[in-house]
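Atom set for the values below is all heavy atoms of this structure, side chains included, hydrogens, waters and symmetry mates excluded. Below, read A as the first sequence line, B as the second, and so on, with proteins coming before strands; counting in each chain starts at 1.
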Amino acid sequence: MSTTQRRIIYSIILLLGFAWIFVSADRSGTSTAGQIPAPQAGFLAPDFELKTPDGETIRLSDLRGQAVLVNLWATWCPPCRAEMPAIEKIYNEYKEAGLVVLAVNMTYQDDPFEVVPFVEDHELTFPILLDETGDVGSAYQLRSLPSSFFIDRDGLINEVIVGGPMAEALLRTRVEEILK
Amino acid sequence: MIEAFRSLFAPPRHFILIVAALWIGLTLAEKRSEKHGVSKEQLNNVSFYSIIGYVIGGRVLFALANLSSFAQSPFSIFSPNPDLFDPTGALVAGVLVGTIYGQRQKLQLRGTLDALTPIFASLAIGLALAHLAAGTAFGSPTTLPWGIHLWNATRHPSQIYELIASLLIFGLIWFYRPDPPPGILFLDFIALTAGSRLLLEAFRGDSTLVLGEFRVAQIAAWGILLMALLASESIRQREKAN
């Protein structure tokens, strides 16, 4: 291929590429993740309503305006247990600033009689919710435990952390992000 | 089948795909490194030091950017959690460490980049597979029959588009028969990758927009494509003049 031919081809490629930027511009807003609920960063957090072991009902959408950390966990899961003290510490540090922690126990795949003793042993003060049917696990497309969803004040998922245990610094950076 | 794949390599297991791609790329690159004036040992060393620079740099720069958080729990810097990581800073650190090693070993820059190209091309495949497994880099909603159900909508299978493009690019790079001047193979890879991103970003559902409607990644890809083509042309002209 001669130099001239190559340069013509390069110019055509660049012109077509430039035109494609305009042609494929997102005028319909499809490239924003959207306001549909899905368990992924940028989407609305799927709503749920669950009971605590005391029988109190908590609905996620009622917490709009506050930063929420939804942590999916089970008592048999070692990294879930390992990260609870750090979550408790961060909750105590930031609850006055508007942080809510919802620790959703995957009760449908856990021993329900282990939950309350675990919470008492670890002196956890944030709400523990019981997912007895697996609906929340399904809505959040749970694949690994623990899974944590950092939800901002508008109800949008800012970050998803799958696996653990989460380090204290990681919790702090992500919580500060959703409290903004 | 996609669901089974996504379950098997669900995060954080999707990192296995990237590590496997790195290993395959390095194994393949070794076979051709001598052709580019880089010994197998030098290739392994430059790769090893760059990876170390990438991993340590990514963690240290993340810690520096979030100093107040780490000041309260300094041992978090040793946490195995991969989310405590700054990918852009890691890339800069990896390139920097690789460059310093290359200069000390008096390696030719263009030949070394050509020798490393199969690794980059293989990593691109691994990254596409990791995106598919994690459901990240997802497509915009579509009614096309090959749409996949992801994040509660039928979407363009943008990760599969990315996978096909990266496989084609790998094939072109690996089976490229002519013997071009040093640096051209790498620049061809960069141009092809930028071109595919420019094309495929249009089907993404998570693009960052500028001026309300233009996709930042497309603009960046066009700029990179322009620079790669100009650099390629410049090398060819210099080779011709010599």
_Structural part of B:F203 lying under 4.5 Å from a heavy atom of chain A_ = side chain
*Would you please go through residues 169-180 of chain A and name the residues with a non-hydrogen atom below 4.5 Å from one of chain B, in numerical order?*
A:A169, A:L170, A:R172, A:T173, A:R174, A:E176
*asked:* Taking side chain as everything from C-beta outward and backbone as N, CA, C, O, which of these in B:F75 sits under 4.5 Å from a heavy atom of chain A? Side chain, backbone, both or neither.
replied: neither
*For residues B:K240 and A:T3, is any side-chain donor paired with an opposing acceptor at under 3.5 Å?*
yes
_Winner by heavy-atom pair count (cut-off under 4.5 Å) against chain A, out of B:I219, B:N66, B:L198, B:L211_ = B:L198
*Name the member of A:V162, A:I21, A:I161, A:I13 that forms the most heavy-atom pairs with chain B at distances under 4.5 Å.*
A:I21
*asked:* Using heavy-atom distances under 4.5 Å, tell me whether B:R236 contacts chain A through its side chain, its backbone, both, or neither.
replied: side chain
*asked:* Does this structure show an ion pair linking A:D47 with A:R59, if we count only N-O contacts that are shorter than 4.0 Å?
replied: yes
*Measuring heavy-atom distances to chain A, does B:S232 have an atom under 4.5 Å in its side chain, in its backbone, in both, or in neither?*
side chain
*Taking B:A10, B:S68, B:P11, B:A63 one by one, which has the highest count of heavy-atom pairs under 4.5 Å against chain A?*
B:P11
*Please check if the side chain of B:S140 supplies one atom and the backbone of B:G205 the other of a donor-acceptor pair under 3.5 Å.*
no
*asked:* Students often mix this up, so state it plainly: with edges at 30° and 60°, are the rings of A:Y140 and A:F48 parallel, tilted or perpendicular?
replied: perpendicular
*Return yes when atom CH2 of B:W174 has more than 12 non-hydrogen atoms of other residues, nucleotides or ligands closer than 6.0 Å, and no otherwise.*
yes
*Where does B:N81 contact chain A at under 4.5 Å (heavy atoms): side chain, backbone, both or neither?*
side chain
_Can you confirm whether the side chains of A:T125 and A:E88 place a donor and an acceptor under 3.5 Å from each other?_
yes
*asked:* Any salt bridge linking B:E233 with A:R7? Criterion: basic side-chain nitrogen under 4.0 Å from a carboxylate oxygen.
replied: yes
_Please classify the contact of B:L199 with chain A as side chain, backbone, both or neither, using a heavy-atom distance under 4.5 Å._
both
*Side-chain donor-acceptor pair under 3.5 Å between B:S7 and A:R143, yes or no?*
yes
*asked:* So for B:Q237, is it side chain, backbone, both, or neither that comes closer than 4.5 Å to the heavy atoms of chain A?
replied: side chain
Side-chain donor-acceptor contacts of residues 65-76 of chain A below 3.5 Å, not counting sequence neighbours, with atom names and distances?
from, atom 1, to, atom 2, distance (Å)
A:N71, ND2, A:E83, OE2, 3.0
A:N71, ND2, A:S148, OG, 2.8
A:W73, NE1, A:A103, O, 3.4
A:T75, OG1, A:D110, OD1, 2.7
A:T75, OG1, A:D110, OD2, 3.2
A:W76, NE1, A:Q109, O, 2.8

*Measuring heavy-atom distances to chain B, does A:P79 have an atom under 4.5 Å in its side chain, in its backbone, in both, or in neither?*
neither
_Best-contacting candidate, B:A202, B:P82, B:S73, against chain A by heavy atom pairs under 4.5 angstrom_ = B:S73
*Classify the ring geometry between B:F70 and B:F62 as parallel (under 30°), tilted (30 to 60°) or perpendicular (over 60°).*
perpendicular
*Between the side chains of A:D135 and A:T133, does any donor sit under 3.5 Å from an acceptor?*
yes
*Check the side chains of B:S79 and B:S76 for a donor-acceptor pair under 3.5 angstrom, ignoring hydrogens and angles.*
no
